[in-house]
Amino acid sequence: MNKLTDLKDVEQLPMRPAAEVMNLSRLGRFHQTRLSFMRALVRKMMAQHWQIHPSLVELDEHGYGTMVYRIDTPNGHYHYVLFSDYLADDERNDRVIAEKWDVTMALCIGDVSDAQLAEMRLNVPKQEAGRASSNMMVLSRGNKSSRNFSYVVDALANGEQPAKHHLANCGYLYRTTAVYGSGKFGMADWEKVRDQCVDFAAPFAAEMFNCFMLRHFSIDQAEHLARIQSPGSAVAMDDGVKRFIGIGNSTGLGMAPYLIRHPKLISRWVLNRESALARVIYQGEVTPQHLEKIDKLLSKAITHISETRVPDEHQIANNELLLSELGQVQSWLSREGDEQSSWELLVQFAEQNYSFETQEMLNSLLLELYPELVSDISYECVDEVYRLQPEMSLEQLKHLIEARYDWALEIDFGQADANHFFWYRSEEKMEPRLGERANEPGADREMPLTIARLVRQCYDALCEYVDQNDKSQMVAYFLLNDPKHRGIVKRIQTMSEECYGEIRANLADIDMLPMDLLRCKLSFFGVSKFDPKSKLWVRNTMFQGAPLVSEIVDRSYAGFKDDWCFPISCELDSELQETGSSS
Amino acid sequence: MKVSKNELIYVLKQAFEGCGYDFGACQNMAEQITWSEMHGLRGLAILERLISEGISAPSTEFDIHTLDGNELRFDASGSSLLYQSDLGLSLAIANCKSAGSSKLVFENCRDGALVLNKLSEMSLNGLASFVCEKEFNSDKKINRWARCEQLVGVPKICDGFMGTDKFAEAKRFDLILYLCSSGGELDKFISQQAFELELIKNDDEIVTNYQTSLAHGIAVSDKVWRCLNKIGSKVLVESTEASRKGAGA
């Protein structure tokens, strides 16, 4: 941990170097933190008491129809429009290739006229096949968790609260299967959202809010159906139960190219996380209160992971190792904690003795200890613009590549295994896919995501050119001679000004795990309960434990503690005991 | 139909990729068209004409005609500045950064409006710039020019560049670009030239055009949109049972 980054003007505290942090295996073990986008959004909604109320409720006895919510913030107003439709069980499919869903929805800037609502009725359910308008920020869809949804409705209709083991196993009623923003299908560009909608001028804020609203709708709809089913005996869901219901999410390869195409943005996300961690490790005073708090957090995390039931053997092994090692961390703290003046030794011990999974979980928990040390860290808006420096000398560029892309130059692309996979766009919905070069067609249309190989090719061409020309010649001449390297040169030069950003992995390698890319991005979103369904897609849970809309809109509500991470079912027990309900 | 900026850039990049351009070129070309269109400089009309002519393959490159000190001359051989002009511009920027000023001439080229987005980039990189067009093999009065001060970002563009159908025409020009690291140098260069500049009637217009496009979307004809998607479909890979296994959630 005592390694100083070689980049200046960022933080004076020692941060972990890019070589350590940007290792894909480590990125794939990141967990949510208090800096995650969902946590930041909830803090903002609670602090500003956003007003969220239904403005149109047209749900029939089956829960199908249209629901519109109006959202008022101190800065403006928005509408969340949701269409609920019949979907046969055999048509329910979480994968991107699906064409029908239980619900489809959109988040709009300002008002939605009757004419626009009619237009949306025609287009939103079509998703990728429809068109959106320029006042829409997000287009999304979701499917019911059929078994859980029916169970919850039946329980409420019978006058009972859902049993905790059901919710612990599957803590949501709906799963989102795609959330589109940033100008897709004619929607508002990110530039417009950033400049004109201050409430959502943070990375993925509108997309996260969309998911939060689906969670709210799912509860509204379940209660609506229970009332219809048993008008005389149905009960409303207890707030504690509601809070324990999150929103499911299915994420696949579509998310992976984003990380590669937005290295400046990723650099800022990681920089925020690392600088927060450095502040906590080196500035956080270790007091008995903090030791007690970290012990409770560790216990909570252990219980949370224990309650995460997944069928995937690799993930089961991950979780078991994590549980074992977190227990050891607790033991270490009970033995050594009183002797510590900072968290440095604990972090060093974890680095030397535990898996990436445990190290990163510990880092996430440490960030919970000192809100005051990290409260000023927020996600700046970054323009993903690359600047060519054509005046740079060839020698400088060569040194730059050797210094910043040494990890890429170490890869032997002469080996077949280093070129095993290729990324491509399928004609089916133009979605990104991963193919095996030797066995599948399309390698001639490979997407330029294998940055390490592009760097290698550029470096080889540069060395050859330098051999034949003056090394003080400007890069512009090299590019004029060999234009195909202009894209990667621009990226290399731009990224040399960033701390982090480039994921240090060969994305074509036979051992590359796409799941690591997905988990990295999802950790910044703030999801939990990773449930891999293959190496290529993962289910997870969002907003479980988060405050309810009724608490957000209540200006007198003072119960928010911003500690809703790693929700566990015993909290549900205590909630139910407090309200006098039974399971 | 109306499309967003991101959507237009994405579809353009894919179309140029479908024509065989490298990803760096695709990004440049997509930005050139989008910037011109959003600022009211008819980028899509130019593109439509280029599509009707058949978008050139990547082999279209400019020859350096003359390289004399800080003055560069490229022979575009009648082709559009959409293709590869960024390389010449990069060289001019590099020369200016090392010597304080540079001059670049694209002889016998078309679509000068497509380099105006670069003035904006240069401005943000601390360079002042002036660009003008004169008809190829003619000494007629200069009627198209633009100027961008350092760190301003948005160029002043004369009416000759704005909103006329002339840009979609196939006329050939010589495009002259002067770059320098100080505004005073730029004035000196312009005053030394033997041409008169037409006045700018409304230099806020391009900013307004951009903001309107961003707020309400960019109008694209269905025909052009279909055509771009068709060209771009060359980079898509057919779906097979094996590839479906590689589909994510």
Side-chain angles (χ1 to χ4, degrees), chain A residues 94-97 131 133-134 177 182-192 196 250-256 387-388 390-391 424-428 430-436 439-442 445 448 474-477 479-480 483-490 514 518 533 536-539, chain B residues 1-10 14 17-18 21-28 31 58 61-62 64 67 84 86-99 121 124-125 211 213-218 229 232-240 242-249:
Chain A
D94 281 3
R95 298 175 78 182
V96 75
I97 48 183
R131 288 298 296 170
S133 66
S134 59
T177 63
S182 294
K184 282 273 179 76
F185 317 119
M187 283 190 285
D189 278 296
W190 162 243
E191 193 177 334
K192 176 180 173 180
Q196 296 178 20
S250 291
T251 291
L253 285 184
M255 198 173 260
R387 190 171 66 85
L388 185 71
E391 72 280 9
Y424 65 93
R425 281 156 294 208
S426 164
E427 64 180 10
E428 204 166 24
M430 293 198 281
E431 53 146 355
R433 288 184 184 173
L434 194 59
E436 291 184 20
N439 302 319
E440 294 177 50
R445 284 155 283 173
M474 293 184 289
V475 162
Y477 288 94
L479 295 179
L480 200 62
K484 66 177 177 292
H485 300 297
R486 72 188 110 184
I488 195 67
V489 168
K490 206 187 245 193
L518 309 186
K533 293 299 170 191
L536 306 173
W537 69 285
V538 60
R539 279 186 183 161
Chain B
M1 67 187 294
K2 290 283 187 79
V3 302
S4 71
K5 177 183 174 182
N6 274 1
E7 201 176 15
L8 180 58
I9 288 176
Y10 181 86
Q14 193 158 291
E17 201 181 327
Y21 283 90
D22 63 84
F23 78 93
C26 294
Q27 181 73 33
N28 276 328
E31 284 171 2
E61 287 173 11
F62 299 145
I64 296 184
L67 180 57
Q84 314 279 16
D86 63 304
L87 296 171
L89 290 163
S90 296
L91 201 50
I93 293 168
N95 282 340
C96 180
K97 290 253 178 175
S98 65
E121 282 179 34
L124 296 173
N125 283 324
Q211 288 168 345
S213 296
L214 191 64
H216 304 296
I218 304 160
N229 278 292
S233 69
K234 291 178 190 169
V235 307
L236 304 178
V237 177
E238 58 276 18
S239 197
T240 63
S243 76
R244 276 187 156 230
K245 286 180 189 164

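The analysis underlying the following values was restricted to heavy atoms, covering all of them including side chains, and did not include hydrogens, waters or symmetry mates. Chain identifiers are assigned alphabetically (A, B, ...) following the order of the sequence lines, protein sequences preceding nucleic acid strands; residue numbering begins at 1 within each chain.
Here the closest non-hydrogen pair linking A/L480 and B/L91 is CD2-CD2, 3.7 Å. The two residues A/G442 and B/V237 have their closest heavy-atom pair at CA-CG2, 3.7 Å.
Heavy atoms of B/Q211 lying under 4.5 Å from chain A are absent altogether. In this structure, chain B has a heavy atom under 4.5 Å from the side chain of A/P448, while its backbone stays farther away. A/L388 touches chain B through its side chain: at least one heavy atom from C-beta onward sits under 4.5 Å away, while N, CA, C and O do not. Residue A/R131 touches chain B through its side chain alone, counting heavy-atom pairs closer than 4.5 Å. Both the backbone and the side chain of B/N95 come within contact range of chain A, judged by heavy atoms closer than 4.5 Å. Only the side chain of B/E17 comes within contact range of chain A, with at least one heavy atom under 4.5 Å from a heavy atom of that chain. With a 4.5 angstrom heavy-atom cutoff, A/K192 touches chain B via backbone and side-chain atoms both. Looking at B/D22, the atoms closer than 4.5 Å to chain A (heavy atoms on both sides) all sit in the side chain, from C-beta outward. Using a 4.5 Å cut-off between heavy atoms, B/S233 does not touch chain A at all.
Rounded to the nearest 0.5 Å, atoms CD (B/E7) and CE (A/M187) are 8.5 Å apart. Separation of atoms NZ (B/K97) and CE (A/M474) is listed at 11.5 Å; rounding is to 0.5 Å. Between the NZ atom in A/K484 and the OH atom in B/Y21 there is a gap of 15.5 Å [rounded to 0.5 Å]. Within the model, atoms CE of A/M430 and CG of B/L236 stand 6.5 Å from one another, a figure rounded to the nearest 0.5 Å.
Looking only at heavy-atom pairs under 4.5 Å with chain B, the residue among A/R425, A/K490, A/R387 that has the most is A/R425. Chain A forms the most heavy-atom pairs under 4.5 Å with one residue out of B/L8, B/I93, B/L124, B/N125, and that residue is B/N125. Between chain B and the residues A/K184, A/E436, A/E191, the most heavy-atom pairs under 4.5 angstrom are made by A/E191.
Residues meeting the side chain to side chain donor-acceptor pair (under 3.5 Å) test with B/N229, sequence neighbours left out: none. Remark: B/D86 engages A/R486, B/N28 in a side chain to side chain donor-acceptor pair (under 3.5 Å) (not counting sequence neighbours).
A/S134 places a side-chain N or O within 3.5 Å of a backbone atom of B/A215 that can act as its donor or acceptor partner. A side-chain donor-acceptor contact under 3.5 Å links A/D189 to the backbone of B/K5.
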